[in-house]
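The first residue in the sequence is number 1, and the count goes up from there. The structure displayed is predicted, hence computed values, not measured ones.
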Amino acid sequence: MKLHQAVALFFIVLPTFAEAGEWSYNIEGHAQGLYGYTDTKKHNHGVGKANINTSIDYLFENDDRLSLNFDIMGGIDKELQDYNQGRWGEEAYVIYDSSYGQIMLGQVYNVASLFHNGAYTTGALSNPSDIVDFLSNPNWRRTSKETYFATLNSTDINTDGVAPKINYISPEYKGTAIGFSYMPDSYNRRGLINKHSDYAHDDGFVGAIYNDMDFNFFSTQASFGYAQYHGNDKEFSYSLRINKGNWHIGGGYRKTYIDGDDKSKKSQDLLSDFDSYREGEAWNIGIGFEFGPIQSSLNYFESSSDNTDNQNKMVAFSNQYQFNEYIDIYIAAAHTDYENIYESKSGYAIVSGIGVKF
């Protein structure tokens, strides 16, 4: 969905409500610079990324809320060029909240991804894709000319990225909510689908359930998601986090499989295992704590393909110190083992950096 389309939808819907309401707006941003040393051929490498999030909200007298949101982000020297436009990207979407639930329309993540809340992460290496900025992974490649995911890169369902879609999330009942997503076109550069595959522009749908429980002694967040893409590609995911005071432990699992015969046709221009993520699994586990301005997490991630020997094993220890209201300081370490039908790699990285909020 383009920005002008989201703006038009916002102002088309707004006059249908007669009640007087209240306008508000918000703009905020975050920039991050990281520098890492590795024992691989890169040795020294720097990465920069930033995002600016804006919103215009209209609060009705009955407490319903309608908002227009536009976010823009970009990165420098990132290994995976997986923003919507490669090195930069945008998200334009409308959110309507009422007593009947929430509707999201536009460039947003699917409900299973939004509900997923497993291993606690923080700092410079908050997800597996951050690690490959310093330790290249032969199983994951995203450039202006190539998309190649021989294994899954996350335990949440991220196949469609932020492809334009409609999400519905129900009101919570005793800590439980359900959600549904439908995307008429599943391809998006933030996802895993190669745009040259013959199924790239097929539709897809996702369903998910989320639960948040407080047992006094501890609390939990859990989710389950199910997805179907291009007819017979199926996925499901689980996540669970247990919280006790400032401590968190949790993890996630994801399975992808083709239900029946694979009806897609392989292009001669694509590597034979460019979409091996379609039949594989991924899991992670992690522990973390928050103590005043300090946050730390220790996480392990593993993924593999069912039909090849491609696999990833990644461990990251990531720390963040909030220097003041605007500045965060990072230090992290990671170790990886990658196996691919073309090559194998292993290595470690030490990463430091700074984040600025504005």
Side-chain angles (χ1 to χ4, degrees), residues 3 24-38 42-57 67-93 95 107-109 113-114 116-117 119-136 142 153-154 156 158 161-162 189-190 246 248 286 288-299 314 316-334 348-358:
L3 176 60
S24 64
Y25 69 91
N26 182 61
I27 181 169
E28 60 185 13
H30 184 256
Q32 189 180 79
L34 304 175
Y35 176 81
Y37 173 81
T38 76
K42 280 189 175 181
H43 293 306
N44 301 280
H45 186 59
V47 175
K49 52 186 177 181
N51 63 276
I52 299 175
N53 305 323
T54 62
S55 65
I56 302 173
D57 293 71
S67 68
L68 169 66
N69 304 266
F70 182 66
D71 308 331
I72 189 168
M73 59 290 296
I76 301 172
D77 289 334
K78 289 183 62 62
E79 179 73 12
L80 297 178
Q81 297 178 18
D82 56 358
Y83 295 112
N84 290 359
Q85 315 302 332
R87 294 182 176 88
W88 70 277
E90 82 293 330
E91 296 174 23
Y93 52 98
I95 301 176
Q107 293 167 287
V108 292
Y109 290 99
S113 181
L114 294 174
H116 199 83
N117 193 24
Y120 177 85
T121 60
T122 190
L125 305 179
S126 58
N127 64 69
S129 293
D130 293 330
I131 298 174
V132 304
D133 287 333
F134 306 96
L135 295 165
S136 298
R142 170 78 82 181
N153 68 340
S154 176
D156 68 283
N158 65 343
V162 293
R189 281 189 65 100
R190 291 202 185 189
N246 295 328
H248 314 274
F289 75 90
E290 306 164 11
F291 184 75
I294 299 173
Q295 300 177 29
S296 293
S297 64
L298 176 64
N299 295 282
M314 312 167 73
F317 178 52
S318 190
N319 303 274
Q320 174 176 319
Y321 174 74
Q322 185 177 357
F323 182 74
N324 58 32
E325 181 181 358
Y326 303 103
I327 297 175
D328 295 320
I329 299 172
Y330 312 115
I331 186 166
Y348 71 84
I350 304 295
V351 180
S352 62
I354 187 169
V356 179
K357 302 173 185 175
F358 53 90

**Request:** Please list, chain by chain and in numerical order, all residues satisfying side chain to side chain donor-acceptor pair (under 3.5 Å) with S318, sequence neighbours excluded.
**Result:** none
**Asked** Any idea which heavy atoms bring L80 and S129 closest together, and the distance?
**Response** CD1-OG, 3.9 Å
**Request:** Find out whether E28 and K357 are in side-chain contact, i.e. whether some heavy atom of one side chain is under 4.5 Å from a heavy atom of the other.
**Result:** no
**Fill in**
All heavy atoms of Y348 vs all of L135, minimum pair found to be O-CD2, 3.6 Å
**Prompt:** Is atom CZ of F358 surrounded by more than 12 heavy atoms (other residues, nucleotides or ligands) closer than 6.0 Å?
**Reply:** yes
**Prompt:** What residues form a salt bridge (Lys or Arg N to Asp or Glu O under 4.0 Å) with D156, not counting sequence neighbours?
**Reply:** none
**Asked** Quick one: CE on M314 to CD1 on I131, what's the gap to the nearest 0.5 Å?
**Response** 4.0 Å
**Message:** Quick check for you: to the nearest 0.5 Å, what is the distance between Y321 atom OH and Y330 atom OH?
**Reply:** 14.0 Å
**Message:** So, taking the atom named CD in Q81 and the one named CZ in R87, what distance separates them when rounded to the nearest 0.5 Å?
**Reply:** 4.0 Å
**Item:** Separation between CD of E79 and CG of D130, rounded to the nearest 0.5 Å
**Value:** 12.5 Å
**Item:** Partners meeting side chain to side chain donor-acceptor pair (under 3.5 Å) with T54 (sequence neighbours left out)
**Value:** none
**Complete:** Sequence neighbours excluded, the answer for salt bridge (Lys or Arg N to Asp or Glu O under 4.0 Å) partners of R190 is E91
**Request:** Check Q107 against Y93 and note the closest heavy-atom contact, atom names and distance.
**Result:** O-CD2, 3.7 Å
**Asked** Sub-3.5 Å donor-acceptor pair from the side chain of T121 to the main-chain atoms of S126, do we have one?
**Response** yes
**Prompt:** Looking at D77 and H45, what are the two nearest heavy atoms and their distance?
**Reply:** O-NE2, 3.0 Å
**Asked** Partners of D71 by salt bridge (Lys or Arg N to Asp or Glu O under 4.0 Å), sequence neighbours excluded?
**Response** none
**For the student: nearest non-hydrogen atoms of R142 and R189, plus distance** = NH2-O, 2.8 Å
**Spacing of CG belonging to L125 relative to CG belonging to N319, to within rounding of 0.5 Å** = 10.0 Å
**Prompt:** Does I76 have any side chain to side chain contact (heavy atoms under 4.5 Å, CB included) partners at least two apart in sequence or in another chain, and if so, which?
**Reply:** none
**Prompt:** Are Y109 and N158 close enough, and set up right, to give a side chain to side chain donor-acceptor pair (under 3.5 Å), and what steps lead you there?
**Reply:** CA-CA 8 Å; Y109 290 99; N158 65 343; over 6 Å; no
**Interatomic distance, S352 atom OG to L34 atom CG [nearest 0.5 angstrom]** = 8.0 Å
**Request:** Test salt bridge (Lys or Arg N to Asp or Glu O under 4.0 Å) on K49 and D133 and set out the steps.
**Result:** CA-CA 12 Å; K49 52 186 177 181; D133 287 333; 5.3 Å; no
**Minimum side-chain heavy-atom gap I327-I354 below 4.5 Å** = yes
**Asked** Does a side-chain heavy-atom distance below 4.5 Å link D57 with N26?
**Response** no
**Asked** Any idea which heavy atoms bring G286 and A119 closest together, and the distance?
**Response** N-CB, 3.8 Å
